[in-house]
Trainee: 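The structure under discussion is supplied below as structure tokens; questions concerning it will follow.
Every chain is numbered from 1 and lettered A, B, ... according to where its sequence line falls, protein lines coming before strand lines.
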Amino acid sequence: MHELSLAQDIIAIVKESLEPQAGVSLKTVRVSIGEMAAVVPELLHHAYDALIADTPLQGSKLDIAIIPVTAICHSCKKTFGLEEYEFLCPNCQSSDIEVLTGDEFFIKDLVVA
Amino acid sequence: MSVITVERKILEKNDEAAATLRTNFQAQRLFVLNLLSSPGSGKTTLLERTLEQISPEIKTAVIEGDVQTDNDAQRIAKFKAPVVQIVTNGGCHLDALLVRDAVSQLPLDGVRLLFIENVGNLVCPAGYDLGENKKVVIVSTTEGDDKPLKYPHMFRVADVCVLNKTDLLPYVDFDVKTFRTNAEKVNPRLHFFELSAKTGDGVETWIDWLKKQIDS
């Protein structure tokens with residue numbers, strides 16, 4: 001349950017990003033979360049909504065995009081999606097694979113009016 | 001409506017603090033382990049056994065992370081190792097900023113080995129870099145042998161896996177081979193130790209490995 005502290009980190013970055021933009025009203029914070037980032041989107045929504053209540057950010061929403069886990073196999077050079085956390089190449093069963101996406105956790109942009 | 005590009009990592013403050021810690025640890029020739037497990041796996045008992053065998057030969061310090069109490073720090077202090085307790089007051093993990101504060105309170109003169117005992121939790125601590133050299137996940141035989149499949153994030157970020165309480169294997173339904181197969185599915189690069197911190201069985205291999213890491 002570290003989503004509360006993650007929501008605090010998000011709000012800190014949002015405030016910094018809005019500082020030079022006087023007079024705008026925040027509508028949406030677009031966040032990307034990798035499937036392996038160990039972040040629960042529902043909990044992050046709840047935490048964000050609770051923290052912005054009665055603040056100038058009230059009324060804004062998180063828009064969360066989930067990034068699937070993909071990897072490349074260094075043995076057969078194939079790229080593939082990973083499911084069930086089995087870090088083996090589905091093509092040649094090699095464990096010499098490199099994860100390409102799925103660890104992300106970042107704020108992409110802010111939609112303001 | 002308009003769009004303001006941000007493109008910033010949400011954990012950037014933690015990652016920056018961790019990078020600074022890592023640089024400082026390296027400059028001090030300090031080998032740092034982040035110990036991760038569920039509550040009750042025997043992290044503190046393993047630390048006690050390790051301190052008993054490794055110090056004073058190798059000067060070792062400990063940072064203890066707990067939600068409440070300094071019970072663990074008191075256990076460690078008996079071994080005359082420098083120790084700082086972080087009480088997170090409900091926080092489910094340690095972050096690099098907390099560790100930075102704790103490190104500043106530790107007398108690190110001559111210390112070559114630092115253990116950071118994280119809050120007992122197999123979920124949240126996986127996401128936080130503490131500037132350590134290696135992450136060690138500890139599992140005890142009284143937990144299920146499917147733990148790696150239930151908590152894959154933790155096993156994926158770990159470098160080392162210690163299976164503790166092997167003395168209880170005759171009494172529990174824990175299959176070591178199944179456990180290792182499950183763990184290797186999630187992370188084929190895991191380095192395993194099987195030991196009992198209570199009886200000392202298998203601890204020697206762990207101590208030898210620690211000494212090698214410090215020398216290299």
Trainee: With a sphere of 6.0 Å drawn around CD of B:Gln26, does it hold more than 12 non-hydrogen atoms of other residues, nucleotides or ligands?
Mentor: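 Not buried by this count: 12 neighbours or fewer within 6.0 Å.
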
Trainee: Given a strict heavy-atom distance threshold of 4.5 Å, which part of B:Glu12 is in contact with chain A: side chain, backbone, both, or neither?
Mentor: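 Side chain of B:Glu12 only, per the 4.5 Å heavy-atom cut-off to chain A.
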
Trainee: Mind checking the CD-CD spacing from B:Glu184 to A:Glu86? Nearest 0.5 Å is all I need.
Mentor: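 It comes to 12.5 Å.
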
Trainee: How long is the straight-line distance from SG of B:Cys124 back to CG of A:Leu4, given to the nearest 0.5 Å?
Mentor: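 So the CG of A:Leu4 and the SG of B:Cys124 are separated by 11.0 Å.
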
Trainee: Heavy atoms, side chains only, cut-off 4.5 Å: are B:Pro152 and A:Met36 in contact?
Mentor: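 The answer is no; the side chains never approach within 4.5 Å.
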
Trainee: Given side chains that start at C-beta, do those of A:Tyr85 and B:Lys185 come closer than 4.5 Å, heavy atoms only?
Mentor: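 No, side chains not in contact.
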
Trainee: Between B:Met1, B:Lys9, B:Met154, B:His93, which residue shows the highest count of heavy-atom pairs closer than 4.5 Å to chain A?
Mentor: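 Looking at each of B:Met1, B:Lys9, B:Met154, B:His93 in turn, B:Met1 comes out on top.
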
Trainee: Taking 4.5 Å as the heavy-atom cut-off, does anything in residues 99-113 of chain A contact chain B, and if so which residues?
Mentor: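 Answer by number: A:Val99, A:Asp103, A:Phe105, A:Phe106, A:Ile107, A:Lys108, A:Asp109, A:Leu110, A:Val111, A:Val112, A:Ala113.
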
Trainee: Contact part of B:Lys13 toward chain A, heavy-atom cut-off under 4.5 Å: side chain, backbone, both or neither?
Mentor: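 The side chain, not the backbone.
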
Trainee: Heavy-atom distances under 4.5 Å only: say whether A:Leu18 touches chain B with side chain, backbone, both or neither.
Mentor: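 Only the side chain of A:Leu18 comes within 4.5 Å of chain B.
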
Trainee: Go through B:Val186, B:Asp95, B:Ile10 and name the one with the most non-hydrogen pairs under 4.5 angstrom from chain A.
Mentor: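 Going by pairs under 4.5 Å, I would pick B:Ile10.
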
Trainee: Verify the neighbour count for atom CG of B:Asp173: are there more than 12 heavy atoms of other residues, nucleotides or ligands below 6.0 Å?
Mentor: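 No, not enclosed.
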
Trainee: Which distance, rounded to the nearest 0.5 Å, do you find between the CZ of B:Arg189 and the CG of A:Asp96?
Mentor: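 Reported value, rounded in 0.5 Å steps: 8.5 Å.
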
Trainee: Is there a donor-acceptor contact under 3.5 Å linking the side chains of A:His2 and B:Tyr128?
Mentor: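 There is no such pair (donor and acceptor under 3.5 Å, judged by atom type) between the side chains of A:His2 and B:Tyr128.
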
Trainee: Can you confirm whether B:Glu204 is buried at CD, in the sense that more than 12 heavy atoms of other residues, nucleotides or ligands lie under 6.0 Å from that atom?
Mentor: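 Counting other residues, nucleotides and ligands, CD of B:Glu204 stays at 12 neighbours or fewer.
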
Trainee: Select one option (side chain, backbone, both, neither) describing which atoms of A:Glu35 are under 4.5 Å from chain B's heavy atoms.
Mentor: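 A:Glu35 touches chain B through backbone heavy atoms alone.
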
Trainee: Supply the atom-to-atom distance B:Leu11 CG to A:Leu6 CG, rounded to the nearest 0.5 angstrom.
Mentor: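 Between B:Leu11 CG and A:Leu6 CG, I get 6.0 Å after rounding to 0.5 Å.
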
Trainee: Given side chains that start at C-beta, do those of A:Val29 and B:Val6 come closer than 4.5 Å, heavy atoms only?
Mentor: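 Side-chain contact under 4.5 Å: no.
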
Trainee: Report the distance from atom OG of B:Ser2 to atom NZ of A:Lys27, rounding to the nearest 0.5 Å.
Mentor: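 One gets 11.5 Å once the value is rounded to the nearest 0.5 Å.
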
